[in-house]
Amino acid sequence: MIPFYVAGRPATSSDVLTVRNPGSGAVVGSTSYATPAQIEEAVAAAAAFAGFPSGGSSSAGSSSAGFPSPPSLSAADRAAALDAISRQLAARADEIAALITAENGKPGKWARGEVNRAVSTFRWAAEEARRFSGDLQRLDTDPAAKGRIALVRRVPRGPVLGIAPFNFPLNLVAHKVAPALAVGTPIIVKPAPATPLTALLLGEIMAGLDLPPGMFSVLPVPNERMPDLVADPRLPVVSFTGSGPVGAAIQAAVPHKHVTLELGGNAAALVASDWDDLNFAAQRIATFGNYQAGQSCIAVQRVFVHARHMSAFTPSLVAAVQALDVTADVGPVIDSRAADRIEEWIAEAVTKGGRILTGGTRSGTTITPTVLTDVPPDARVCAEEVFGPVLVLTSVDSDEEGLSAINASAYGLQAGVFTRRLDLAFAAHRRLEVGGVIIGDVPSFRADQMPYGGVKGSGSGREGVASAMEDYTEPRVMVLTGV
Ligand code: NAD
């Protein structure tokens, strides 16, 4: 049985969690759910490390002139730990990628890409840990503040509860753990029930480092026990990546906490009137509408194409989608419930007048990459997050109409605009209601250091190492007088 980690130490329970491959159903491995007592131990240890009064005595700190220092790891310690994690992930990349493929089902090349990204997420966090600092502000621009300066330091808000989804079992956990470690705040990670083993392997790597007890826990927790954990006052920061309904429930349950919500989307790409390389756009849209079976929050879903390109673009897109290898490029969706839902949504789109240009079939948990057109905007494949290998192609009469069509969504994570025109790029950046606009490519591009997150139904707050470090801390000012 693969252990989980309570306050940095391996543990198990009798409540077994068996992990199966989404494609074959074969058992990948078993771990167990943390018991209420083990969850309490993890929370108490995190609170004690953070020096929270309810958590008991602080775990570290030397005395200076009678004042105990807050428990802390130096920037050098934090950066060294982050670099060590990065190196170990790189050294074990093949093994970890194979584990991601086994428990999540994503094809090997995407699993390997995810490991590479996590390697750089931790390395980048090590750099940020070295840089992370406060600010010295002069206050005497206000005559009443003559002779005063402010020293602004960023103080951790307190232990973080990081809740992760199934679709990037390593890198989305990395996006919570690395910034926490970079600012020296404890974190409890709750991986998705379908894909806990990769997060536990990361836990194993972290347990091999000389981190203070309480710095991290990795706990599989049954969903029904999550509301209590979310509500625990000793965890003032909740960083959630997952679906809209669960995110909304968390926000409603703990409005007083600092909550980051990285939720879903129905990302759009616009092929604008000036774009001259239709094959490139078709290839990119085919690839990133279907990679890891479309189970990415920024997978392309809605495709808007200027009317002048439609007759050339449509066969190009269909050919690019048909050229995908279902095993090597696409893979299964996470379970048969997800496959049932996607099948149902495709059928609904057809009932509403949509036409299937390619795909639309299913074998087990694998959905054939599908392109639909003539779909009304209220069909769920347009209006909601399909989270499957489905593209919906729509013609627009102007670039302006394309931007409006992108905005006609309950979500707003990222958008892609294929254009070389600066005025359109700036108009898109100004007007699109999203967290990021990718010019010249699909919305699915993400570099792990950039601010990343959404607006509207796609959530609030930003990840990306530096953004999350800001998020996990708050400024505390000391005003010095007579300087
Ligand atoms: P999910 O919402 O079903 O589960 C996410 C996590 O929340 C899991 O760990 C789950 O066990 C936990 N959870 C379930 N019920 C809970 C509760 N009541 N309280 C607290 N936690 C609870 O999502 P999923 O199916 O694992 O992931 C897919 C979703 O994640 C998609 O909507 C996708 O768009 C979104 N996502 C968003 C981003 C982003 O950065 N914006 C990235 C990846 C995935």
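Read the numbers this way: they start at 1 and go in the same order the structure lists the ligands and their atoms. Position 1 is the first residue of the sequence, and the numbers go up from there.
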Trace of the side-chain hydrogen bond (donor to acceptor under 3.5 Å, both in side chains) decision for S467 with R462: CA-CA 6 Å; S467 303; R462 294 290 178 270; over 6 Å; no

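With respect to the salt-bridge test (charged N to carboxylate O, under 4.0 angstrom), the residues R123 and D448 do not qualify. Between R157 and D471, no side-chain nitrogen of the basic residue sits less than 4.0 Å from a carboxylate oxygen of the acidic one, so the salt-bridge criterion is not met. Comment: D335 does not engage R20 in a salt bridge, judged by the lack of any side-chain N to carboxylate O separation of less than 4.0 angstrom. Between E344 and R341 there is no salt bridge, since no side-chain N of the basic residue sits under 4.0 Å from a carboxylate O of the acidic one. A salt bridge is absent between R117 and E114: the closest approach of a Lys/Arg side-chain nitrogen to an acidic carboxylate oxygen does not fall below 4.0 angstrom. Under 4.0 Å is where a charged nitrogen must lie from a carboxylate oxygen, and between R9 and E41 at least one such pair does.
Proximity annotation for atom 17 (C) of ligand 1: of V189, I250, V246, N171, V246 comes nearest, heavy atoms only.
Using modelled atom types, one side-chain atom of T370 and one backbone atom of G360 make a donor-acceptor pair closer than 3.5 Å. Although no hydrogens or angles enter the test, the distance criterion places a donor-acceptor pair under 3.5 Å between the side chain of T365 and the main chain of P22. Of the possible polar contacts, none joining the R446 side chain to the I298 backbone as a donor-acceptor pair under 3.5 Å is found.
Every atom of ligand 1 is numbered from 1 in the order shown, and the set under 4.0 Å from a heavy atom of G264 is 32 (O), 34 (O). Less than 4.0 angstrom separates some heavy atom of P193 from each of these atoms of ligand 1: 11 (O). Near L172, with a cut-off below 4.0 Å to any heavy atom, the atoms of ligand 1 are 42 (C), 43 (C). Heavy-atom contacts of K190 reach the following atoms of ligand 1: 8 (C), 9 (O), 10 (C), 11 (O) (cutoff under 4.0 Å).
In terms of protein heavy-atom proximity, atom 2 (O) of ligand 1 is nearest to S243 OG, 2.5 Å. Shortest contact from atom 35 (C) of ligand 1 to any protein heavy atom: G242 O, 3.2 Å. Looking only at protein heavy atoms, the nearest one to atom 24 (P) of ligand 1 is F166 CD2, 3.7 Å. Nearest protein neighbour of atom 27 (O) of ligand 1, counting heavy atoms only, is P165 CB, 3.2 Å. Shortest contact from atom 12 (C) of ligand 1 to any protein heavy atom: I163 CG2, 3.7 Å. Among all non-hydrogen protein atoms, the one lying nearest atom 34 (O) of ligand 1 is E385 OE2, 2.5 Å. Nearest non-hydrogen protein atom to atom 40 (O) of ligand 1 is Y452 CE2, 3.2 Å. Of all protein heavy atoms, the one lying nearest to atom 42 (C) of ligand 1 is C297 SG, 2.9 Å.
Under 4.0 Å from ligand 1, not a single heavy atom of F168 appears. For L263, every heavy-atom contact with ligand 1 shorter than 4.0 Å involves the backbone, none the side chain. Using a 4.0 Å cut-off between heavy atoms, A164 contacts ligand 1 through its backbone alone, with no side-chain atom that close.
S32 and T12 form no side-chain donor-acceptor contact under 3.5 Å, judged by distance and modelled atom types alone.
Scanning all heavy atoms of the two residues, the minimum distance from L413 to G264 falls at CD2-O, 4.2 Å.
The closest approach between any non-hydrogen atom of A249 and ligand 1 is not below 4.0 Å. Ligand 1 has P191 within reach: a non-hydrogen atom of the residue lies less than 4.0 Å from it.
Polar contact with ligand 1: present for N223 (N/O pair, distance under 3.5 Å). Remark: ligand 1 and N167 share no N or O pair separated by less than 3.5 Å (distance only, no angle test).
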